[in-house]
2 protein chains.
Amino acid sequence: MEKLESVIFYSIEKAIKTYRQFAQRSISKAGLDITIDQWLVLRLIEEDGERYQNEIAEAVFKDTASITRIVELLVLKGYLERNAHPGDRRRFKLNVTEKGRELLARVSPIVKNYRDTALQGISPSEIEALQQVLNRIIANCG
Amino acid sequence: MEKLESVIFYSIEKAIKTYRQFAQRSISKAGLDITIDQWLVLRLIEEDGERYQNEIAEAVFKDTASITRIVELLVLKGYLERNAHPGDRRRFKLNVTEKGRELLARVSPIVKNYRDTALQGISPSEIEALQQVLNRIIANCG
DNA sequence: AAAAAGTAGCTGATACATCAATTAAAATGT
DNA sequence: ACATTTTAATTGATGTATCAGCTACTTTTT
């Protein structure tokens, strides 16, 4: 069996893990009490509070069960409000609180910053090529 | 804030998640009772039972805490034996059992198969280019 | 040899991933 | 209208990720 380093999937895994750690540390170092996954979800809800939780799940490549728990934590932390949904009692109406909006405003520049840092020295065409290959892998595994 | 699909990191994440699900299902569908992460660790130990757990962790891009728990599960499942290490009492001597070796032999072709499938239609030079970009991201986040 | 520093691995706590099963509420069919 | 089927979300169980703190043991220092 080959060395792991020569298997592209482990390079992909290593890259995304390294990036995620870098990202989370950037946020935590700024004293912000949120995880990247929580941030992602919170941000989507701020954009559009009418989204279904399963739509959110799909958008962030997560399971609906994970969204349930992430929403729960966001509510506990006071970044999100969850009220009865007028049109459909199976759902909830999610609203980002003022505290949540303040947090998002503070996280936003940090995210931009670590994304830029992570991509330093990589050209747009290289990124484009990367996208293509990743999309093919996704299609092959579907 | 941009759409997630246009952020390369989410494409990377989506690709690796899709791949991992595909891989795990291939293994589970064959009726084999092991996770990919457990398989990875078991396979490294089969190659060389003298490796330190922290070396294993490094090799598979995991935390030593994760390795502790994965080893524990492998022992519970009877694929691995953990005995006192002669030279250093802080360590353990890990041995793949006969049952473990049988399992590895059965998993191996499945892994080869889903790896090949996932990479269909992707040329070696594309993979090489992908490696380069990923390595740069890893370096940038270090 | 005794103290200090370093090392291997474990444990606890919290968060996310995944699958299966479940609940409650809509929507649909006849 | 009532039974059936879908749908939205939750819950439970198990596995992995990460960080911090810890234990036991080994090595180094003096």
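Reminder, nothing fancy here: chain letters follow the sequence lines and each chain counts from 1.
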Whole-Å distance between [N] [atom2] and [X] [atom1]?
X	N	atom1	atom2	value
I45(B)	dG9(C)	CD1	C1'	14 Å
R89(A)	dA8(D)	CZ	P	16 Å
F22(B)	dT18(C)	CZ	C1'	18 Å
Q53(A)	dT7(D)	CD	P	17 Å
D33(B)	dT14(D)	CG	P	13 Å
E58(B)	dA8(C)	CD	P	12 Å

Which nucleotide wins on minimum distance to the side chain of [X], given the candidates [options]?
X	options	answer
A65(A)	dA24(D), dG12(C), dC19(C)	dC19(C)
T35(B)	dT10(D), dA17(C), dG15(D)	dG15(D)
Y52(B)	dA8(D), dA8(C), dA17(D)	dA8(C)

May I ask you to verify if any side-chain N or O of [X] is less than 4.0 angstrom from the OP1 or OP2 atom of [N]?
X	N	result
S66(A)	dC16(C)	no
Q24(B)	dA17(C)	no
T64(A)	dT10(D)	no
R91(A)	dA9(D)	yes
R25(B)	dC19(C)	yes
K62(B)	dT16(D)	no

Worksheet item: Going by heavy atoms in the side chains, are L80(B) and Q38(B) under 4.5 Å from each other?
Response: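 Answer no - side chains too far apart.
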
Considering every strand and a 4.0 Å limit on heavy-atom distances, what is the contact class for [X]: base, sugar-phosphate, or nothing?
X	result
I67(B)	nothing
D63(A)	base
Q21(A)	sugar-phosphate
R69(A)	base

Practice prompt. Please assess D33(B) against Y79(B) for the test side-chain contact (heavy atoms from CB on, under 4.5 Å), listing each intermediate value before the final yes or no.
Written response: CA-CA 10 Å; D33(B) 178 32; Y79(B) 299 139; 3.9 Å; yes

Discussion item. Go nucleotide by nucleotide along DNA chain C from the 5' end; which of F92(B) and E13(B) gets its closest nucleotide reached first?
Written reply: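 Residue closer to the 5' terminus by nearest nucleotide: F92(B).
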
Worksheet item: Is there a donor and acceptor pair closer than 3.5 Å between the side chain of R90(B) and the base of dT7(C)?
Response: yes

